[in-house]
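What follows is one structure encoded as structure tokens, with my remarks underneath.
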Amino acid sequence: QAINPSTTHVAVLAFPFGTHASPLLSLTCLLASSAPHLTFSFFTTSRSNASLSASKTVLPNLTLYDVSDGAPDDYVPSPIDPEGEVELFMKVTPDNFRSAMASGAARADFIISDSFLSFAGDLAADVGAVWVSLWTGGPCSLSSHVYTDLLRDRVVPARCDEEMTLGFVPGLSGLRVRDLPEGVVSGRLDSVFARLLHTMGQEIHRADLVVLNTFDGLNPAVLSDLKTKFRQCLPLGPINLLAPLPPEPDRESCLSWLERHEPRTVVFISFGTIMTPPAHELAFLARGLESARVPFLWSMRDAGRAKLPHGFLERVKGRGLVVGWAPQRAVLAHRAVAVFVTHCGWNSVLESLAGGVPMIGRPFIGDQRINARVVSHEWGIGVGFDTGFVSEKAVKAALEVMVRSPVGEEMREMARARAEDAACAVDGGGSSRANFERLLGLICERGHV
Ligand code: UDP
């Protein structure tokens with residue numbers, strides 16, 4: 001029996017914390033604008049919806065819905081218990097999504113979820129929908145969760161060397177025990193995140209389709225192993241290039257400031273939306289920037305400003321620009337930028353790679369240590385401070401190597417080659433573009449996978 005394609009409904013379920021929802025909404029906007037005859041509904045919390053720049057994109061066939069965040073009205077997120085709000089949210093799942101979906105548009109034919117939301121598999125099974133699971137991070141961190149049971153078997157933290165490499169996990173031989181996200185083999189294995197990710201690693205293979213925010217060739221060994229684990233695996237990233245967000249406003253004139261600098265001379269610093277290094281590390285970084293005498297642009301939240309060495313902002317006036325928020329994608333694409341000092345969140349890593357900018361990694365939590373290791377040891381386009389900024393001298397030396405030495409120039413060349421690979425992947429005929437077309441085709445034909 002012929003099915004009228006105009007009735008196809010795609011429900012998209014986001015994980016509302018950190019920057020998770022952003023690539024999912026970008027991808028949804030691209031699908032919705034490519035398939036104007038289909039209906040798309042995007043579900044996340046009201047705070048998450050309000051924070052997404054893509055939520056301002058108006059498409060007649062895409063509606064954003066709020067789901068409950070599970071927090072009491074007078075709830076104030078605690079800086080010392082960041083998992084608190086995740087826990088409240090997870091407690092009201094999946095009923096919050098279920099009721100928002102029931103009050104929203106028609107029954108879903110496709111459910112595209114953040115992979116963190118493993119229950120989406122059951123929601124899809126309940127209504128006979130196809131389940132598409134999007135892993136917004138990198139393939140190596142996904143692999144660490146898929147292989148958590150094996151890792152827990154082989155790695156007993158009390159008895160093992162943190163430097164031990166993970167050669168027994170396909171594709172992860174370049175990583176060490178110490179790079180693993182907390183909650184895989186060390187730290188609290190029963191924390192909200194550890195349980196959520198453990199379940200995710202066990203359930204994701206049930207998805208009809210797993211979509212990855214990476215591209216063929218970037219981490220070939222781990223990707224080819226993951227492809228054997230899933231029914232269908234479509235790497236279609238970098239999503240920031242495949243489905244670019246509209247340019248961000250440049251309220252503090254970062255781009256015109258960059259215009260005044262020679263190519264490849266400026267250090268850009270940002271630790272993402274959540275992390276602020278501890279005060280002593282900020283002091284080493286600030287003093288290292290001062291003594292290396294390099295121009296720098298630093299995106300810093302108020303929490304960081306309060307911890308800067310006394311008089312720093314005065315002393316670096318003219319050479320350094322410190323802003324509350326930078327249009328990071330455009331900054332990293334600017335020719336003046338020589339190196340990115342980053343916490344190695346996956347979005348930041350992909351944006352740096354897309355701009356051909358090598359990195360100085362200072363990872364903190366979650367997948368950031370894995371990403372930092374991949375950047376420095378697999379791709380060879382950066383150096384890492386995986387135990388933190390240890391001294392002014394070490395920061396100064398790293399900046400000098402990356403900005404002024406042939407080693408830094410070589411890394412910039414390699415980063416530029418990666419940037420070209422990424423651009424080719426999302427271009428017509430590229431592997432990510434082809435995988436996107438395949439996903440679109442399946443949805444448009446209401447195909448079963
Ligand atoms: N970002 C930005 N301007 C800033 C700081 C961050 O645009 O001043 C954006 C950045 O481009 C990236 C995201 O915030 O897309 C951070 O994501 P990532 O995964 O790197 O880190 P998280 O914030 O999730 O730790």
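Because only heavy atoms are used, hydrogens play no part in the values below, and waters and symmetry mates are left out as well, while side chains stay in. All ligand and atom numbering here is 1-based and tracks the order in the structure.
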TODO: Non-hydrogen atoms closer than 4.0 Å to ligand 1: which protein residues do they belong to? List them by chain and number, please.
DONE: Thr19, Glu248, Ser270, Gly272, Thr273, Ser299, Arg301, Trp325, Ala326, Gln328, His343, Gly345, Trp346, Asn347, Ser348, Glu351
Task: Closest non-hydrogen atom pair between Pro358 and Gly356, with its separation - done: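 Minimum heavy-atom separation between Pro358 and Gly356: CD-O, 3.8 Å.
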- [ ] Return the orientation label for the Phe268 and Phe340 ring planes: parallel under 30°, perpendicular over 60°, tilted otherwise.
- [x]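 Phe268 vs Phe340 ring planes: parallel.
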Task: Lys91/Asp69 salt bridge by N-O under 4.0 Å criterion - done: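 No, Asp69 and Lys91 are not salt-bridged.
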What residues form a ring-ring contact (aromatic ring centres under 6.0 Å, His included) with [X], not counting sequence neighbours?
X: Phe15; answer: Phe17, His20, Phe116
X: Trp379; answer: none
X: Phe230; answer: none

